[in-house]
Amino acid sequence: MKRDVLTISFIFSSAIILFMLIFPILNLIFSTSVTDLISAATDKEVILSIYLSLLTSTIATIIAFLLGTPLAYLLARKDFYGKNFIDSILDLPILIPHTVAGIALLALFGPRGIIGRPLSELGIYFIDTIYGIIVAMLFVSAPLYIKAAKEAFESINPNLFKVARSLGASPVRAFFTIDFSLAIRGIFTGATLCWARALSEFGAVIILAYYPYTAPVIIFKRFTTWGLSASKPISALLLIITLGIFLFLRFLRRESVD
Amino acid sequence: MIEIINLRKRFGNFQLKDINLSVNEGEYFILLGPSGAGKTVFIECIAGLHKIDSGKIIIDGTDVTNLPPEKRNIGLVFQEYALFPHMSVRENIEYGLKAKKIPKERRDQLVRETAKILRIENILDRSPKNLSGGEKQRVALARALVIEPKVLLLDEPLSALDAPMRRELREELRRIHKEICVTTIHVTHDQIEAYSLSDRVGVIFNGKLFEVGPPEDVFRRPKNEDVAKFLGFENIFKGSVKEYRNGLSEIDINGVIIEVAGHYKGEVTVAVRPEDITIYSSRIESSARNKFLGKIIDYIDLGALVKLKIDIGIPISALITKKSFLDLNLQRERQVHIAFKASSVHII
């Protein structure tokens with residue numbers, strides 16, 4: 001069947017954008033030698049930074065899940081004053097430059113900040129600590145989780161919850177057995193997005209906690225110190241690990257849905 | 001038995017206004033009203049899903065006004081069934097029993113018994129996604145009935161079904177109600193459901209309950225003009241009573257005199273159902289008190305029926321069978337004779 005001009009032009013532009021998205025990733029992986037990869041994988045500082053990135057992004061995701069799920073549910077199910085305002089606020093961390101987010105967090109969690117000062121008296125510091133990394137990651141990634149979870153809750157017929165209550169289920173039981181169970185797929189997707197966003201965060205993290213190094217920070221450090229050849233194997237290694245985890249999570253989600 | 005006393009509930013711009021209703025033990029009560037009348041809000045208030053602003057809800061002598069939904073023991077069925085899609089039919093039916101911590105053995109027994117009444121024993125292990133509309137509705141009913149509710153609330157339970165399935169389920173609802181005899185409040189906009197299923201009917205409009213009574217009374221003798229229009233009284237006219245004699249009042253409507261059974265005075269509103277009007281092609285002797293010569297202005301073919309608009313000095317709607325329409329060879333501009341009994345005229 002002869003294709004029309006519109007379809008041909010759309011296929012052509014799609015091919016260009018896909019090439020721009022996929023080629024840098026494939027190029028990074030395939031242009032890095034196995035020796036360089038092994039070298040990066042045995043570099044203690046690199047391994048520690050990747051471990052730290054995985055750990056802090058996972059903690060940030062867990063916090064986003066625990067605190068963000070109730071907010072997502074309230075936004076999806078309840079009507080209240082200021083709901084639209086809160087909804088708009090959730091876009092801010094996604095929209096503002098991440099260095100700006102870092103400065104905003106520094107002003108708040110720094111030693112003279114409203115939160116940073118009282119907590120420092122309790123021995124909790126955010127500058128150049130794991131707490132600072134988690135706060136920065138949480139700030140930029142939690143909105144992605146909350147929005148995904150909200151959409152998941154919104155897609156569920158609210159009458160299911162009402163029926164569950166009428167059948168004798170308490171609000172907590174009805175929430176977990178009906179709404180949460182049905183939203184789990186969207187929640188899982190949101191958590192995966194949140195985790196990936198947290199893992200890749202650089203701008204806010206570097207301002208609040210340059211040290212201990214997360215993987216994006218050490219890539220930046222090696223690049224500015226020793227150039228592309230030193231930073232490329234670490235980048236490829238981080239890419240392979242995160243892609244592997246991401247594909248595994250997708251597989252898990254599909255299995256659980258099936 | 002369920003008693004609603006002065007129930008008020010504001011919901012955005014909408015308000016349920018001082019609703020008083022008493023539904024007897026084992027009664028099948030239908031609340032009839034157009035979309036947006038407040039039917040769903042009303043039954044959700046009874047179910048405890050909305051906190052009411054004032055008033056009382058009493059079920060079997062217990063004031064449940066401030067009880068949460070899970071403590072009211074009410075079965076609820078929604079129009080779109082609201083089956084839990086991630087559970088099998090059996091798990092759906094079992095849900096309420098599990099929530100009430102009924103032991104497994106008793107649960108299994110109750111599920112079996114209810115499934116038998118609803119005739120769904122063969123689909124217990126299926127997913128709701130793979131059920132027909134009728135099957136879904138039976139499962140939703142089974143899930144509501146298995147907890148042995150004091151009151152069953154049905155929110156437009158047949159609206160999502162096609163016409164043949166709706167007829168079948170209507171019969172089923174009747175049979176099940178006879179068998180279980182649970183106090184039922186069923187809300188609908190469908191007058192056929194109200195007529196064929198209910199022991200009593202209530203008509204709700206703009207959040208206000210207007211009339212409650214046996215369907216025959218409510219449908220034949222509405223007390224409010226809006227209710228009359230909703231119930232199919234298309235011929236509604238304002239007029240003034242001219243004379244009363246021999247048990248009949250003569251009412252003048254723009255020069256057209258209509259006779260009505262009973263003694264009335266002053267300004268009145270007259271209502272006649274279109275199906276109570278008989279049409280003749282030529283003048284015939286009829287015992288009907290109201291006989292007029294008129295001209296067909298327009299007609300609408302409704303399939304088995306035809307609705308005619310006839311000018312007799314005032315525009316009158318009449319509903320006749322398609323067969324009569326064809327036999328009488330009716331058409332626009334044709335002159336016809338119409339007749340209706342004085343007892344068919346209702347004064348609102």
Side-chain angles (χ1 to χ4, degrees), chain A residues 65 69-70 72-87 148-191 252-258, chain B residues 11-12 40-41 43-50 64 67-87 91-102 107 110 128-129 139-157 160:
Chain A
F65 167 77
T69 306
Y73 191 71
L74 288 176
L75 288 170
R77 281 283 186 266
K78 306 284 179 189
D79 283 321
F80 54 89
Y81 184 75
K83 182 175 164 176
N84 288 339
F85 176 69
I86 294 173
D87 223 359
K150 178 181 158 247
E151 274 176 30
F153 286 127
E154 278 173 343
S155 69
I156 300 162
N157 178 357
N159 285 345
L160 300 183
F161 185 84
K162 292 177 182 173
V163 168
R165 293 288 310 277
S166 77
L167 291 169
S170 65
V172 174
R173 186 186 179 99
F175 171 75
F176 280 108
T177 56
I178 305 299
D179 283 341
F180 185 78
S181 296
L182 285 168
I184 196 76
R185 191 177 172 174
I187 284 173
F188 194 81
T189 305
L252 270 188
R253 197 188 79 164
R254 189 175 298 172
E255 284 293 297
S256 66
V257 169
D258 289 346
Chain B
F11 211 79
T40 299
V41 174
I43 63 165
E44 289 189 352
C45 283
I46 298 174
L49 296 165
H50 305 298
V64 301
L67 288 183
E70 61 270 25
K71 304 269 187 220
R72 295 191 182 197
N73 201 21
I74 283 174
L76 183 59
V77 175
F78 281 109
Q79 175 184 347
E80 81 290 4
Y81 326 118
L83 297 179
F84 306 138
H86 56 313
M87 298 180 193
E91 287 167 334
N92 263 276
I93 300 173
E94 257 188 336
Y95 185 89
L97 301 173
K98 277 187 178 170
K100 289 174 189 290
K101 299 190 168 43
I102 307 288
R107 265 195 340 247
L110 285 168
K129 291 169 199 158
V139 175
L141 272 171
R143 183 178 62 180
L145 290 171
V146 77
I147 59 167
E148 296 171 347
K150 288 178 181 167
V151 179
L152 179 64
L153 301 175
L154 307 174
D155 184 6
E156 304 255 9

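Computed over heavy atoms, backbone and side chain alike; hydrogens, waters and symmetry mates excluded. Chain naming here is simple, since letters A, B, ... match the order of the sequence lines and numbering starts at 1 in each.
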Measure the CG-NZ distance between A:L167 and B:K100 for me, rounded to the nearest 0.5 Å. 8.0 Å
If you compare all heavy atoms of A:S170 against all heavy atoms of B:E70, which two are closest, and at what distance to 0.1 Å? CA-OE2, 3.7 Å
If you count the non-hydrogen atoms of other residues, nucleotides and ligands that lie under 6.0 Å from CZ in A:F80, is the total more than 12? yes
With only heavy atoms counted, which part of B:K71 is less than 4.5 Å from chain A, the side chain, the backbone, both or neither? neither
Please report the interatomic distance OG1(A:T177) to CD(B:E91), rounded to the nearest 0.5 Å. 11.5 Å
Pick from B:P149, B:G96, B:A140, B:A99: which one has the most heavy-atom pairs with chain A under 4.5 Å? B:A99
Residue part contacting chain A, namely of B:L83, when any heavy atom lies under 4.5 Å: backbone
Where does A:N159 contact chain B at under 4.5 Å (heavy atoms): side chain, backbone, both or neither? both
Rounded to the nearest 0.5 Å, what separation is found between the OG atom of A:S166 and the CD1 atom of B:I46? 13.0 Å
Atom group of B:L49 that falls short of 4.5 Å from chain A, counting heavy atoms: side chain
Taking every heavy-atom pair that is under 4.5 Å apart, which of B:G48, B:A82, B:G75 has the most such pairs with chain A? B:A82
Of the backbone (N, CA, C, O) and the side chain (C-beta and beyond), which part of B:A144 lies under 4.5 Å from a heavy atom of chain A, both, or neither? backbone
Close side-chain approach of B:Y95 and A:I178, heavy atoms under 4.5 Å: yes
Do B:P85 and A:L160 have side-chain heavy atoms sitting under 4.5 Å apart? yes
With a 4.5 Å cut-off on side-chain heavy atoms, are A:R165 and B:P68 touching? yes
State, with a plain yes or no, whether a side-chain heavy atom of B:R143 is found less than 4.5 Å away from one of A:V163. yes
